[in-house]
Amino acid sequence: MDDKSTVFLFLDKEQTPIAEFISPVNFELDTRKMVDGKHELKIISKDPTGKEGIRIIPFEVKNGPAIAVEGITENAVVDGVVPLMINAYGKGDQKRFLITGSETPQSIPAWIWILLIGFLGWSIYYLIRYIDLINN
């Protein structure tokens, strides 16, 4: 009788395992063949006496191009015309990084405009006071 556990790997709700091993095992899950979205890895271990242990690991695959959207958020309540800025870019592969399009342009936040206007107002105030001081 073997004294090692057998490990079965299942992906999502499949009834047949994607792999079967004698533990311990090193395994590489190739997500490049999987569709983007939420998935579940179920690991069932059976020891030599027949007892089973189960572990379920939810994960999300994002192999496709990243998509960034500005102008609307998830579950937003909107009306009228909603301007959107959408950027999609690929990550390249493991050996080469794609720089083109990898940064998403964003509009300037309102708090930056408020700080800029406040600073300009303060500068103009002190410029007028300085000119008035020189003229007197």
Side-chain angles (χ1 to χ4, degrees):
M1 182 175 213
D2 194 13
D3 63 341
K4 296 195 178 211
S5 296
T6 305
V7 176
F8 301 93
L9 299 177
F10 296 87
L11 192 58
D12 297 330
K13 301 294 180 189
E14 293 291 325
Q15 297 298 317
T16 57
I18 59 170
E20 179 181 333
F21 304 103
I22 302 296
S23 69
V25 62
N26 289 328
F27 176 75
E28 291 183 356
L29 179 64
D30 188 2
T31 64
R32 294 175 294 183
K33 298 173 184 157
M34 300 171 66
V35 297
D36 284 3
K38 296 190 182 294
H39 295 276
E40 186 176 87
L41 180 65
K42 181 165 70 170
I43 304 166
I44 297 178
S45 174
K46 190 178 278 190
D47 71 8
T49 63
K51 293 181 184 174
E52 286 188 355
I54 298 175
R55 177 146 184 213
I56 298 173
I57 303 171
F59 64 98
E60 186 172 354
V61 173
K62 278 191 168 183
N63 288 326
I67 300 170
V69 178
E70 185 175 330
I72 193 167
T73 59
E74 293 180 14
N75 304 315
V77 177
V78 297
D79 66 352
V81 178
V82 180
L84 300 177
M85 181 178 2
I86 301 171
N87 187 20
Y89 54 91
K91 298 181 269 297
D93 55 25
Q94 300 293 332
K95 296 180 177 104
R96 194 176 70 141
F97 175 71
L98 296 177
I99 193 71
T100 306
S102 63
E103 291 189 14
T104 301
Q106 295 181 339
S107 60
I108 299 172
W111 64 271
I112 299 269
W113 287 114
I114 293 169
L115 281 176
L116 183 63
I117 291 169
F119 179 75
L120 288 175
W122 175 79
S123 300
I124 291 170
Y125 171 76
Y126 277 99
L127 181 64
I128 291 170
R129 297 247 353 232
Y130 179 73
I131 290 172
D132 189 41
L133 185 66
I134 291 176
N135 290 336
N136 286 337

Could you pull out all residues at least two apart from W122 that satisfy ring pair (Phe, Tyr, Trp, His ring centres under 6.0 Å)?
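Scan of W122 (ring pair (Phe, Tyr, Trp, His ring centres under 6.0 Å), adjacent residues dropped) gives F119, Y126.
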
Under the ring pair (Phe, Tyr, Trp, His ring centres under 6.0 Å) test, which residues partner Y130, sequence neighbours left out?
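By the ring pair (Phe, Tyr, Trp, His ring centres under 6.0 Å) rule, Y130 matches no residue at all.
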
So does D30 have more than 12 non-hydrogen atoms from other groups sitting under 6.0 Å from CG?
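Yes, CG of D30 has more than 12 neighbouring heavy atoms, counting only those of other groups under 6.0 Å.
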
As a quick check of understanding, evaluate side-chain contact (heavy atoms from CB on, under 4.5 Å) for V35 and V61, giving each step before the final call.
CA-CA 7 Å; V35 297; V61 173; over 6 Å; no

Criterion side-chain contact (heavy atoms from CB on, under 4.5 Å) on I22 and T6, from CA distance to verdict
CA-CA 5 Å; I22 302 296; T6 305; 3.7 Å; yes

Reported [atom1]-to-[atom2] distance for the pair [X] and [Y], which is rounded to 0.5 angstrom:
X	Y	atom1	atom2	answer
D132	I128	CG	CD1	9.5 Å
K62	I67	NZ	CD1	9.0 Å
I112	I117	CD1	CD1	12.0 Å
I44	I56	CD1	CD1	8.0 Å
D47	E52	CG	CD	9.5 Å

Within-4.5 Å side-chain heavy-atom neighbours: [X] and [Y]:
X	Y	result
P24	K4	yes
T31	H39	no
F59	L29	yes

Starting from L120, can I reach I131 by hopping between I/L/V/M/F/W/Y residues whose side chains sit under 4.5 Å apart?
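No: no chain of side-chain contacts under 4.5 Å links I131 to L120.
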
Should K13 and E40 count as an ion pair when the cut-off is N to O under 4.0 Å?
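A salt bridge links K13 with E40.
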
Expected output: side-chain S23 to main-chain S5 donor-acceptor under 3.5 Å
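Looks like yes, one N/O pair under 3.5 Å.
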
